[in-house]
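From a predicted model like this one, the values you see are computed outputs, not experimental measurements.
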Amino acid sequence: MKSDHKASNNRIIIIDDNVAIHDDFKKILVKEGDDNRDLEDLESLLFGSAIPGNTGIQFEIDCALQGKEGWEMVKNARENEKPYALAFVDGRMPPGWDGIETIKHLWEISPELQIVLCTAYADYSWKEIQDVLGKSDSLLILKKPFDNVEVLQLTHALTRKWELNQEIQGRLHHLAYYDNLTGLPNRALFVDRLTLALEAAQRDKYKGALLFIDLDNFKRINDTLGHSVGDELLRIMAQRILLSLRNTDKVSRPIIPETAARLGGDEFTIVIPELYGNERAAVVARRIEKQLAEPVHLGNHEFIITSSIGIAIFPDDGNDVESLLKNADLAMYFSKNSGQGRFNYYRESMNEAALRRLTIENHLRIAIEHKELELYYQPQVNITNNKITGFEALLRWHNEDLGTLSPLEFIPVAEESGLILSLGDWVIRTACKQAKAWFDKGYHFERIAVNVSVRQFTHPDFAEKVLAIVEEFDLTPNTLEIEITESLLMQDFEKLVKNLENLRKHGIQISVDDFGTGYSSLSRLKEIPIDSLKIDRTFIVGIEKDGRDLSIIEAIIAMAKGMHLRVIAEGVETSKQLNYLLNKQCYEAQGYLYSRPEPAEQIEQFLQQGAFLKPALN
Ligand code: C2E
Ligand code: MG
Ligand code: MG
């Protein structure tokens, strides 16, 4: 693309069917040794220094005898990037196109061309010309026979006008297609180039790449050191990106150039229109990453700016600009957040679900620090007398960007990422602290239950940590109940039993959550030191339908009785379920029928009112 450099152009074409006229023009415009002295003198006399380069100015003259021939020359000149600035066109050139028709065709291929229509008689009225050619400020009419000075004057003025027009066009183009701050192509030009590259790749069956580059922690620099430092930094980074493109190991010069652009903020892109092997994109990515990470000195500061890069290959990863951008951006996001290196190729597995998971993980990392977590408590009730026996602590997370998330969504992420360890500690500590506060206020209840994930429970320090917290808050150990899931029972059996025994030895209660869903072997269950079973909600729902679930519930209750375990029904919502449970001698329940999980303040009101909860009528 052209930039705003000064264009100079002295190329002129004469289109006239009379060779003698060609010669006349040459005599006027081309200086040949001393023969032209007169004209040169005349020229400087006429224009003085007002016309730049008027002394010694050389016009290049080409001639054509027919409109069509001229048209072809103009076309070729343009394609060879040596356009003409000015054409003198004869009004009548039998047998071919006449002047007006020639001009019409010339402007179709070269709209910026300045034209002088040369006529011997009044072939056309000005109105007729305008009707055919439209209103144009690039056309003048010259009556034959010529006045030499007039020709010279016109030539100077119109070639200069062409140059000025080009300059303005160049500036406008630059404004529209280049980023003001860094001078790199902007989004509009980027989209243009990528579209072209994509079309070429699809047509000619080769591959290209889009790199999406984002500076790490740029916002922090901008916020702490001010925008002018931020701007300067962006300018430096842009130069470095350009530099790393420049010394590329291209095999041949691609028709569409490799383009670095700034999309906005600290986001940059690179379009590599032709790839010789997908790995070349990684070579470029590595080079950029290295360049950008060189120390930057600005004022008294020295920075190291790292970057994150995503690579999308086209047409494989998308055959339009939008999806390619989205996928390269997604890959960049994974580079930034997954700790899997500074650049990543887009993979199909990087889909919306994976992105959400990653986003959750990132926000979760700082959720405790930002005090975004809260425990809700759901009462557990003795259904024979409606007395609250205890509470299950259930984690709630509210994040500004993500909204309120269900533990069903974020607990698995916490488990996979290992964050569950710190999260789990926070839960146990917060629940114990709350229990202590309630006891200190004189409220009475038997226990507080917390959920513990497999990863937490199998951690070697788990038992010690729990016991330390209980001691710290001076709780009687059997007020804390640990809910483990049934799947835990399938883990390394010996280690499990050891941990459980250690906890129970000190009085901590253990219950098996969601019981009946995990296919644990009943014979194993007998060998495991536990205190209670929680019948999973799915079976309680089944009470409404009188199906197979009923026999499972009965079996669980009977088994619990046989093993001297407490049994509690989860997710009790209706009086029918309640009556059934009473009937089968399951005396404890937890569910919306009594209360949803509520924040501590609400629970405190229940406690103030004597810790009784009536089932809702339904
Ligand atoms: P869970 O331990 O089985 O907890 C019971 C879930 O059932 C809770 O969902 C509770 O709100 C819901 N529930 C209680 N009564 C009813 C009812 O009558 N009807 C219905 N439809 N639902 C009822 P919640 O709070 O969304 O928690 C979901 C799961 O997330 C929990 O299941 C537990 O496995 C896990 N979770 C929650 N907090 C923690 C935590 O602090 N640590 C760990 N590791 N897991 C947790
Ligand atoms: Mg539970
Ligand atoms: Mg449960």
Side-chain angles (χ1 to χ4, degrees), residues 1-6 167-194 197 209-250 254 256-273 281-312 321 324-325 328-329 331-333 335-336 342-343:
M1 289 287 157
K2 293 189 185 69
S3 65
D4 56 355
H5 69 270
K6 257 195 171 167
E167 220 170 291
I168 291 168
Q169 287 299 321
R171 289 217 178 126
L172 287 178
H173 180 269
H174 205 264
L175 274 179
Y177 286 105
Y178 289 82
D179 169 44
N180 232 346
L181 181 67
T182 62
L184 287 188
N186 64 11
R187 182 182 283 266
L189 185 50
F190 156 76
V191 168
D192 254 24
R193 291 275 169 86
L194 182 56
L210 167 63
L211 273 63
F212 197 110
I213 307 161
D214 191 284
L215 306 180
D216 298 335
N217 297 319
F218 176 73
K219 191 176 172 310
R220 216 169 56 208
I221 291 176
N222 223 12
D223 289 350
T224 49
L225 298 175
H227 288 256
S228 57
V229 174
D231 284 357
E232 189 50 34
L233 197 64
L234 286 175
R235 272 192 284 265
I236 294 172
M237 293 295 131
Q239 284 314 307
R240 290 184 177 185
I241 290 174
L242 272 184
L243 200 71
S244 32
L245 267 195
R246 233 164 251 155
N247 45 25
T248 49
D249 36 45
K250 283 189 280 281
I256 307 158
E258 297 190 343
T259 305
R262 175 171 174 239
L263 292 198
D266 60 344
E267 292 178 348
F268 298 88
T269 51
I270 285 173
V271 177
I272 306 177
V283 172
V284 175
R286 240 178 249 122
R287 190 181 294 145
I288 288 173
E289 177 205 321
K290 198 160 155 258
Q291 279 276 352
L292 295 187
E294 291 288 320
V296 184
H297 300 273
L298 270 181
N300 298 328
H301 306 282
E302 187 188 90
F303 314 96
I304 303 273
I305 303 288
T306 56
S307 54
S308 304
I309 303 177
I311 304 170
V321 170
L324 271 174
L325 249 185
D329 188 13
M332 181 283 291
Y333 197 87
S335 304
K336 198 180 277 290
R342 294 252 150 258
F343 71 88

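- Formation of a donor-acceptor pair under 3.5 Å by the Arg262 side chain with backbone atoms of Phe268 is not found in this model.
- Taking every heavy atom of both residues into account, Ala260 and Leu242 meet most closely at CB-CD2, 4.3 Å.
- Residues Arg171 and Leu175 form no side-chain contact, since every pair of their non-hydrogen atoms from C-beta on lies 4.5 Å or further apart.
- A donor and an acceptor atom, one from each side chain of Thr259 and Arg193, are located under 3.5 Å apart.
- Taking every heavy atom of both residues into account, Ile304 and Ala293 meet most closely at CG2-O, 3.5 Å.
- Inter-residue side-chain proximity for Leu245 and Arg287 is flagged as unmet; no heavy-atom pair is nearer than 4.5 Å.
- The shortest heavy-atom contact between Ala261 and Leu184 is C-CD1, 4.0 Å.
- Interatomic distance, Asp216 CG to Lys336 NZ, rounded to the nearest 0.5 Å: 4.0 Å.
- In this structure, Arg342 CZ and Ile213 CD1 are separated by 13.0 Å, a value rounded to the nearest 0.5 Å.
- Contact check for Ile288 versus Ile270: side-chain heavy atoms found under the 4.5 Å cut-off.
- Applying the side chain to side chain contact (heavy atoms under 4.5 Å, CB included) rule to Asp329 yields the partners Phe212, Met332; only residues at least two apart in sequence or on another chain are considered.
- The backbone N or O of Ser244 lies less than 3.5 Å from no partner atom in the side chain of Lys290, so there is not a single donor-acceptor pair.
- With rounding to the nearest 0.5 Å, the separation of CG in Asn186 from OH in Tyr177 is 8.5 Å.
- Checking each of Leu292, Asp266, Leu233, Ile236 against Ile305 for a side-chain contact (heavy atoms from CB on, under 4.5 Å) leaves exactly one that passes, namely Leu233.
- Side-chain contact of Ser308 with Asp214: a donor-acceptor pair under 3.5 Å is absent, judged by distance alone.
- Side-chain contact between Ile272 and Val284: present, with at least one pair of heavy atoms (C-beta onward) separated by less than 4.5 Å.
- Ala238 and Thr182 make their closest contact through CB-CB, 3.5 Å (heavy atoms, listed as atom of the first residue, atom of the second, distance).
- For the residue pair Pro273 and Glu258, the shortest heavy atom distance occurs at CD-CG, 3.7 Å.
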Show me, pair by pair, the donor-acceptor contacts under 3.5 angstrom made by side chains of residues 217-229, not counting sequence neighbours?
{"unit_1": "Lys219", "atom_1": "NZ", "unit_2": "Asp223", "atom_2": "OD2", "d": "2.7"}
{"unit_1": "Thr224", "atom_1": "OG1", "unit_2": "Arg220", "atom_2": "O", "d": "2.6"}

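- With contacts defined as side-chain heavy-atom distances shorter than 4.5 Å, the pair Pro185/Phe190 does not qualify.
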Candidate pair Arg286 and Glu289, rule salt bridge (charged side-chain N to carboxylate O under 4.0 Å, His left out), full reasoning: CA-CA 5 Å; Arg286 240 178 249 122; Glu289 177 205 321; 5.8 Å; no
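- In plain terms, the two heavy atoms of Ala176 and Ala188 that are nearest each other are O-CB, 4.2 Å.
- With salt bridges taken as basic N to acidic carboxylate O contacts below 4.0 Å, none links Arg187 and Asp179.
- Leu211 contributes atom CG, which lies 5.0 Å from atom CD1 of Ile311 (distance to the nearest 0.5 angstrom).
- Summarising the geometry, atom OG belonging to Ser307 is positioned 11.0 Å from atom CD belonging to Gln291; distances are rounded to the nearest 0.5 Å.
- In this structure, the separation between CE on Met237 and CG on Leu243 is 12.0 Å, given to the nearest 0.5 Å.
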